[in-house]
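The next block holds one structure in the form of structure tokens; read it before the comments.
Lettering of chains follows the sequences in order, A, B, ..., and the numbering in each one begins at 1.
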Amino acid sequence: MRPLTEPHGMSDADAAARLRYVSAVRTRARRAGLVPAFALVALGTVVLAHGVLRSLSPHRAIVSIAFVAALVLVRPVVARQRRRSAERRGLVGSTRLRIACAAVGVLAAALAIVAGGDPLISGVVASAAVAAYLAGMPGLAAASIIAGAIANAVFLGGIDPAADEVLVGAGLVAAGLACQALERRER
Amino acid sequence: MSHPTKRLDPTIHQPTRLGILTAASEAKRIDFVSLRELLDVTDGNLSRHLTTLEEAGYIKIDKTFEGRRPRTWIAATPAGRKALAAEIAALREIVGAAEPRPRRGGRAAAEPAA
């Protein structure tokens with residue numbers, strides 16, 4: 001890129017190069033802030049744990065309510081840990097982006113309830129897909145959406161919901177770990 | 001309305017300063033070391049551009065200590081975010097003004113628009 005100190009002589013090619021540079025920096029900053037690979041592992045663990053608990057208990061509705069209550073209770077601890085970890089890494093991510101990911105997840109869960117799908121899987125997969133997309137990982141975003149669609153189709157086809165969640169949760173954790181390994185190799 | 005090149009802000013037009021403001025706008029705050037690695041610049045170069053942006057009121061710099069280790073945090077101010085949005089809009093306008101305009105019937109004009 002040609003460094004310019006006098007902006008008034010800028011050509012359209014220079015402007016396009018600046019926009020590409022802004023986009024690349026933005027993607028790198030978002031990836032560092034959202035940490036989509038870690039999000040996949042964390043969210044996958046939540047789905048996996050919920051599936052395992054539901055498969056072990058005969059009172060599935062009670063397990064789900066208790067699970068959500070436990071998540072709400074541990075949320076401040078998790079948030080504090082995440083903030084400390086972000087400060088150690090040197091980049092505290094934007095709250096606006098995290099809220100956007102969470103909002104899409106809640107919307108997807110609500111739609112799944114209306115359509116008869118699995119709300120936990122739908123919400124988690126939608127959140128993960130948005131985080132991956134914002135972090136410049138469209139392949140991972142597409143894979144998350146496809147995995148969610150297949151999981152919901154299987155769910156509607158009559159598979160045991162607990163088994164479905166265990167499979168999807170394990171898949172998300174594996175994908176997240178694979179992404180972390182790839183990122184380490186790139187560094 | 002003035003030509004978009006007239007609306008480019010000389011303070012953030014410089015690539016490193018544009019990168020600093022972009023990265024800071026995408027985070028709540030970012031430290032000096034992370035910013036240096038993200039933009040692949042030297043300490044001296046980054047310091048100089050940070051001072052320019054701070055003097056313009058586009059970023060806020062906080063120097064803290066973690067134990068005995070000093071740490072510098074950078075955050076974009078509302079004025080900085082606004083300036084970045086205006087710069088990006090002006091750059092998009094410059095690119096858009098140069099793209100061929102579609103003719104009636106959907107075919108693009110052969111010559112670039114003025």
Answer yes if B/L38 and B/L18 sit in the same cluster of Ile, Leu, Val, Met, Phe, Trp and Tyr residues linked by side chain heavy atoms under 4.5 Å apart, and no otherwise. yes
What part of A/R88 lies closer than 4.5 angstrom to a heavy atom of chain B: side chain, backbone, both or neither? backbone
Electrostatic pair B/E26:A/R28 at N-O distance under 4.0 angstrom: no
Does CZ in B/F32 sit with more than 12 non-hydrogen atoms of other residues, nucleotides or ligands closer than 6.0 Å? yes
Residue pair A/S85 / A/R89, side-chain donor-acceptor N/O under 3.5 Å: yes
So which of A/A86, A/A16, A/S94, A/A24 has the biggest tally of heavy-atom pairs under 4.5 Å with chain B? A/S94
Let me know if B/R92 has heavy atoms under 4.5 Å from chain A in its side chain, its backbone, both or neither. both
Would you mind telling me which of A/V25, A/V92, A/T95 has the largest number of heavy-atom pairs within less than 4.5 Å of chain B? A/V92
